[in-house]
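What follows is one structure encoded as structure tokens, with my remarks underneath.
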Number of protein chains: 2
Amino acid sequence: MATVKDLFRDYLGKHGLKVTRQREIILEGFMGSPSHLSAEELYLRLRKDHPNIGYATVYRTMKLLADSGIASERHFGDRQTRYEPNTSDDHHYHLICNSCGRIIEFEDPKIEDLLQQTASDHHFTLSHQRLELYGLCPDCQAR
Amino acid sequence: MATVKDLFRDYLGKHGLKVTRQREIILEGFMGSPSHLSAEELYLRLRKDHPNIGYATVYRTMKLLADSGIASERHFGDRQTRYEPNTSDDHHYHLICNSCGRIIEFEDPKIEDLLQQTASDHHFTLSHQRLELYGLCPDCQAR
DNA sequence: GATAAATTGAACATCATTTTCATTTCAATT
DNA sequence: AATTGAAATGAAAATGATGTTCAATTTATC
């Protein structure tokens with residue numbers, strides 16, 4: 001089976017780009033971290049084991065991961081761009097706690113259908129979608 | 001009936017803030033412009049008739065409009081924060097063309113119900129939500 | 001109208017991200 | 001294994017949206 005690493009190598013090859021030590025390290029670091037990290041957060045994590053990896057390289061590589069379809073860019077409330085690995089069963093949405101920042105993912109085929117229907121009604125062809133619910137999680141309500 | 005202007009004055013008064021010429025000009029400019037303008041775009045528009053209004057003042061006032069509930073901040077694909085007037089019949093969503101940037105608003109009570117249901121399932125109390133569909137509008141598909 | 005507190009505008013600060021550019025690395029070839 | 005040209009790297013500087021500072025001005029209240 002094609003691993004994510006293979007996918008990335010493929011993508012690089014087909015675009016005249018090179019497989020480098022840094023890109024492999026960054027991909028591994030990304031796959032082995034919790035989802036929704038920002039480029040900076042990933043940089044800080046990688047730094048421990050790889051103090052020689054540059055800030056800009058992490059930014060550049062995250063863009064490549066997004067371009068290659070391995071990751072998706074996400075924007076939540078704050079300023080930073082966050083990345084999450086793309087799963088094959090694509091569409092999921094987010095439930096975000098305003099207080100503790102907890103992020104819960106969920107899916108809903110019924111919602112998905114309705115969204116697709118709406119797009120069709122307006123004669124749009126959809127590329128991607130964003131759905132986020134913000135509120136207080138049970139724990140934070142308790143306080 | 002209370003106009004938006006009255007609402008804003010009220011808000012300012014109750015918070016020990018002052019009604020100034022600039023704030024009134026900015027509010028009027030905002031209400032008289034297409035929705036989804038960024039602070040910078042509004043600044044550029046206002047500048048024509050009011051060359052003496054400062055950049056920072058527009059930013060500050062837009063924040064006030066958001067705080068007072070008159071406007072809502074929105075983040076679409078790009079970096080800029082955009083503002084839209086708050087209507088009383090709150091929840092609507094956005095359909096955005098990747099190519100020409102056109103923004104279409106829509107509502108859907110069925111979707112709204114499903115979202116509310118999802119939040120309940122996770123014992124979340126919702127504060128706000130964000131739903132955006134990105135794709136190509138009919139015109140841009142034609143090209 | 002005097003007064004104190006809030007606001008303004010211009011310049012500067014900030015924060016995430018991007019770009020520049022000299023140096024290094026990769027990969028295809030001799 | 002050495003050559004070579006294109007692409008990548010890292011450090012520093014640039015960028016772009018937004019925030020903040022501070023002296024000068026304006027507003028609301030007395």
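Throughout, a chain's letter reflects where its sequence line sits, starting with A, and its residues are numbered from 1.
Here the side chain of B:R79 is nearest to one of C:dA10, D:dT18, D:dA17, namely D:dA17. Set against C:dT17, D:dG10, D:dG19, the side chain of A:T57 has D:dG10 as its closest nucleotide. Comparing D:dT18, D:dT9, C:dT19 by their nearest atom to the side chain of A:A56 picks out C:dT19. When each of D:dA17, C:dG9, C:dA6 is scored by its nearest atom to the side-chain atoms of B:R60, the top-ranked nucleotide is C:dG9.
Side chain to side chain, B:T118 and B:D121 fail the donor-acceptor criterion of an N or O pair below 3.5 Å. Between the side chains of A:D113 and A:Q117, no donor N or O sits under 3.5 Å from an acceptor N or O. Using modelled atom types and a 3.5 Å distance limit, the side chains of A:E84 and A:H36 yield a donor-acceptor pair.
In this entry D:dA1 has C:dT30 as its Watson-Crick or G-U wobble partner, both defining distances falling under 3.5 Å.
Both B:S38 and A:T61 lie near DNA chain D, and the one whose nearest nucleotide falls closer to the 5' end is A:T61. Heavy-atom distances to DNA chain C give each of A:T81 and B:G16 a nearest nucleotide, and the one nearer the 5′ end belongs to B:G16. Comparing B:L17 and B:Y55 by the nucleotide of DNA chain C whose heavy atom lies nearest to each, the residue mapping closer to the 5' end is B:L17.
If you measure from atom CD1 of B:I53 to atom P of C:dT7, you get 15 Å, rounded to the nearest angstrom. With rounding to whole Å, A:F8 atom CZ is found 12 Å from D:dA8 atom C1'. Distance, A:L12 CG to C:dA27 C1': 13 Å, rounded to whole Å. When the P atom of D:dA8 is taken as reference, atom CG of A:N52 falls 18 Å away, rounded to whole Å. A straight line from CD of B:E40 to P of D:dG16 spans 10 Å, rounded to a whole angstrom. Nucleotide C:dT8 holds its C1' atom 12 Å from the CD1 atom of B:I25, rounded to whole Å. Nucleotide D:dG19 holds its P atom 17 Å from the OH atom of B:Y43, rounded to whole Å. Between B:Q80 atom CD and D:dT15 atom P the separation is 17 Å, expressed in whole Å.
Between A:Y83 and A:F30, the ring planes are perpendicular. Angles over 60° get that label, and only those under 30° would be called parallel.
Regarding contacts with the backbone of C:dT18, every side-chain N or O of A:Y59 stays at 4.0 angstrom or more from both OP1 and OP2. A close approach under 4.0 Å does not occur between any side-chain nitrogen or oxygen of B:K63 and OP1 or OP2 of D:dT18.
Rounding to the nearest 0.5 Å gives a distance of 13.0 Å between CZ of A:R9 and CZ of A:R23.
In this structure, B:C97 and A:H122 have side chains that are not in contact, with every pair of non-hydrogen atoms separated by 4.5 Å or more.
Exactly one residue among A:H128, A:R82, A:K63 makes a side chain to side chain donor-acceptor pair (under 3.5 Å) with A:E73. That residue is A:K63.
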Set out, line by line, the N/O atom pairs under 3.5 Å between protein and nucleotides 24-27 of chain D.
{"residue": "D:dT27", "atom": "O3'", "partner": "B:V19", "partner atom": "O", "Å": "3.3"}
{"residue": "D:dT27", "atom": "O2", "partner": "B:K18", "partner atom": "NZ", "Å": "2.8"}

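Under 4.0 Å is where a charged nitrogen must lie from a carboxylate oxygen, and between B:K14 and B:D10 at least one such pair does.
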